[in-house]
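Letters A, B, ... are given to chains in the order of the sequence lines, protein chains preceding strands, and every chain is numbered from 1.
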There are 2 protein chains.
Amino acid sequence: MELRHLRYFKVVAEEGHITRAAERLSIQQPPLSLQIKALETELKVKLFHRRSRGVELTDAGAAFYADVCGLLAGLEEAVSKTKRVARGEQGNIAIGFTSSVIFHAATKKAIRSYRTAFPEIALSLEEDGSTELINNIAHNKLDAAFVRSNTSYVEGVRIHQMLEEPMHLAVPADHPLSIGSSKPIELAALSDQPLILYRRSSGPGLYDRIIAAYASAGLTPQIVQEAPRVGSALNLVAAGLGVSFVPQSLGAAHSEGVVYRPVECDPPLLAPIMLACRKSESSEAVKSFIRTARTAMGSRS
Amino acid sequence: MELRHLRYFKVVAEEGHITRAAERLSIQQPPLSLQIKALETELKVKLFHRRSRGVELTDAGAAFYADVCGLLAGLEEAVSKTKRVARGEQGNIAIGFTSSVIFHAATKKAIRSYRTAFPEIALSLEEDGSTELINNIAHNKLDAAFVRSNTSYVEGVRIHQMLEEPMHLAVPADHPLSIGSSKPIELAALSDQPLILYRRSSGPGLYDRIIAAYASAGLTPQIVQEAPRVGSALNLVAAGLGVSFVPQSLGAAHSEGVVYRPVECDPPLLAPIMLACRKSESSEAVKSFIRTARTAMGSRS
DNA sequence: TCCATGTCATATCTTTTTTATATGAATCAT
DNA sequence: ATGATTCATATAAAAAAGATATGACATGGA
């Protein structure tokens, strides 16, 4: 059976008349009769009563007609949907982010402007560590991810830097360093402070930058604890276990028992936000997401 | 576009490999490549990325694949449904009845046994006067109808008698004739009783039989009122406006203020139940309904 | 780096299928 | 009865699908 049979059948059913249907289909009557007969033979079902003044659907033919209309309409719908997806107007994409980037206004702005610009594309969001996110992109489980590292190079994944923000020092509210919180703190003042960092394995980016900053100031950090993610590091700070460095944007989120102070340091201690994506991305939807994000976040690279 | 394209596309999408897909389809690789390309050209959408180790769906291709699977499954479903309808196992039929026949146990039994025997066939039931029902059959708005007349002959409609039941006299409860209700009443005793009948135009069957019975007894009925249907005639009887004749089975339904008495009369005054249907019925579902009804109602004609 | 291998694309020929033309058979209306 | 209408059948022409042979291109191993 071919679509031709269904299309011909539909017109014949609507006209109740093979000759007129043939006209509407711009073919001659004999081939149309043959195609209808072939359809009946294949189904082993009589679809029309041959009357002297035309043809009339049998019960079975009427049932088939209803379904055929639906199928043909469904096909048209599928085709136009496919075209929309090809143009990048419809589809769905999966975006990942590390726990610390959602706090930054720019990532929220990026996602919001994409939703507005492409409302027909469903976004699914997933949180995980930088390493896992980048691996998921390589394995086609994610289309792009906001991360804080550019250190892990995975085959087929490219990482764009979107912006950098200063790192702030997070200190317990009752800690001596929390006094005069508006003035920057020099790194040297922290040499003997117990330091809380995040697990390097899931996000080496910030970890390495902090270690590097200590090193270039000629200091050795006293790491007392590794937290699985920034949020938990801040909880440990609030509990008084030590101090930590977090991206400035985190300050807005977690304030209970924690005081944030700018850090004086050369080169400045910065936390980047990067967008990881495939080196050769084929999906229009994903490409437009990357474009939107770069515009919204003011990335010029 | 033809179903072939969709079927081929589906297999290629599943295999991710044109050569293997061609094997599964029992054709050679070059024609399959051509058909896929033709499909892409017609849709003006690239459905596959050509990779060195095979092919891979594009976003648009993946969207199309999902829809194509649904459509092909839908087609199979439509075909098997059509076959079921052709075998008379599925479908829907429209049955009419006059207001007076549903009170008879035999019609309820007929409908019930049909529902049991063919649960997949939807029955739609409609009540109207005999004349209207029979016209509706001729105009294909109904498939069959239980009526009480065989007097109206409409082109293309055949009427089978299913059974006959005696007519009873309905008298007001406070009427002298209601005394001794178990004994039959002779027609002669009614010569000067005001008579209520139903409108002849919508159901000439019973009307004519009653008039004929009076005539053969040498009496002239004193018709005081015509009711639109049996139910309303009984209401008029209950109100004391006169007496009426109704099929025995009606006694079960309407008893408030009405007493029913058998009628002594030669030839006996009988109310038939007929089944009207098309002279040449083509639907298996309707044919099986007629068969079931005749069996359930004990018609031997 | 080069070659063997695997994979899709292209070219050409064969076969099948679809369509067109001509005509027949059946039914209905005048 | 006859002419018109409509579907069916027969046969010829055109189009399309499929087969075979081969090319182009990338990949992975020696």
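- Put simply, A/Arg50 has a side-chain N or O that comes within less than 4.0 Å of OP1 or OP2 on D/dA8.
- A salt bridge does not link A/Glu40 with A/Lys46: every distance from a Lys NZ or Arg NE/NH1/NH2 to an Asp or Glu carboxylate oxygen is 4.0 Å or more.
- Using a 4.5 Å cut-off on side-chain heavy atoms (C-beta onward), B/Phe118 and B/Ser288 make contact.
- Contacts of B/Phe48 with the nucleic acid, taken as non-hydrogen atoms under 4.0 Å apart, are absent.
- One atom, CD of B/Glu40, and another, P of C/dA9, lie 8 Å apart when rounded to the nearest Å.
- Summarising the geometry, the separation between CG on A/Leu39 and P on C/dT18 is reported as 12 Å, rounded to the nearest angstrom.
- Residue pairs that meet the side-chain hydrogen bond (donor to acceptor under 3.5 Å, both in side chains) test with at least one member in residues 25-36 of chain A, sequence neighbours left out, are A/Arg4-A/Gln35, A/His5-A/Gln35, A/Gln29-A/Ser33.
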Identify each atom pair where a protein N or O and an N or O of nucleotides 10-16 of chain C are less than 3.5 Å apart, giving names and distance.
unit_1: C/dT10; atom_1: OP2; unit_2: B/Lys37; atom_2: NZ; d: 2.6

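- Looking at A/Met162 and A/Met274, their side chains never come closer than 4.5 Å, going by heavy atoms from C-beta outward.
- With rounding to whole Å, B/Arg4 atom CZ is found 17 Å from D/dA15 atom P.
- With C/dT18, D/dG18, D/dA8 as the choices, the nucleotide that has an atom nearest any side-chain atom of A/His5 turns out to be C/dT18.
- Counting non-hydrogen atoms of neighbouring residues, nucleotides and ligands closer than 6.0 angstrom, the CZ atom of A/Arg50 exceeds 12 such neighbours.
- If you take NE2 of A/His49 and P of D/dA8, they are 14 Å apart, rounded to a whole angstrom.
- Judged by distance alone, the side chain of B/Ser113 and the main-chain N or O of B/Ala296 form no donor-acceptor pair under 3.5 Å.
- Nearest heavy atom pair, residue A/Arg148 against residue A/Pro272, reads NE-O, 3.1 Å.
- Classification of B/Arg24 and B/Glu15 as a salt-bridged pair holds, one side-chain N sitting under 4.0 Å from a carboxylate O.
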Check the interface with nucleotides 27-30 of chain C: list each N/O to N/O pair with the protein under 3.5 Å, or write none.
unit_1: C/dT27; atom_1: O3'; unit_2: A/Ser52; atom_2: OG; d: 3.0
unit_1: C/dC28; atom_1: OP1; unit_2: A/Ser52; atom_2: OG; d: 3.3

Sequence neighbours excluded and cut-off under 3.5 Å, please list the side-chain donor-acceptor pairs for residues 63-83 of chain B, or say none.
unit_1: B/Tyr65; atom_1: OH; unit_2: B/Glu14; atom_2: OE2; d: 2.7
unit_1: B/Ser80; atom_1: OG; unit_2: B/Glu77; atom_2: O; d: 3.2
unit_1: B/Thr82; atom_1: OG1; unit_2: B/Ala78; atom_2: O; d: 2.7

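- Across the protein-nucleic acid pair, B/Leu32 atom CG and C/dT7 atom P stand 14 Å apart, rounded to whole Å.
- Taking five base pairs at each end of the helix from C/dT1-D/dA30 to C/dT30-D/dA1, the local helix axes there meet at an angle of 20°, rounded to 10°.
- For DNA chain C, the residues of residues 12-26 of chain B within the heavy-atom distance limit of 4.0 Å (strictly under) are B/His17, B/Ile18, B/Thr19, sorted by number.
- Nearest heavy atoms, B/Pro228 versus B/Arg199: CB-NH2, 3.7 Å.
- Residues A/Ile36 and A/Phe9 approach most closely at CD1-CA, 3.8 Å, considering heavy atoms.
- In this structure, A/Arg51 does not reach the D/dC7 phosphate: none of its side-chain N or O atoms is under 4.0 Å from OP1 or OP2.
- A salt bridge is absent between A/Lys287 and A/Glu281: the closest approach of a Lys/Arg side-chain nitrogen to an acidic carboxylate oxygen does not fall below 4.0 angstrom.
- Rounded to an integer number of Å, the gap from B/Ile27 CD1 to D/dT20 P is 12 Å.
- In this structure, B/Leu3 atom CG and C/dT17 atom P are separated by 16 Å, rounded to whole Å.
- If you take CG of A/Leu47 and P of D/dC7, they are 15 Å apart, rounded to a whole angstrom.
- Minimum heavy-atom separation, B/Leu133 to B/Phe97: CD1-C, 3.4 Å.
- Considering every non-hydrogen atom in both A/Phe146 and A/Ala293, the closest pair reads CZ-CB, 4.3 Å.
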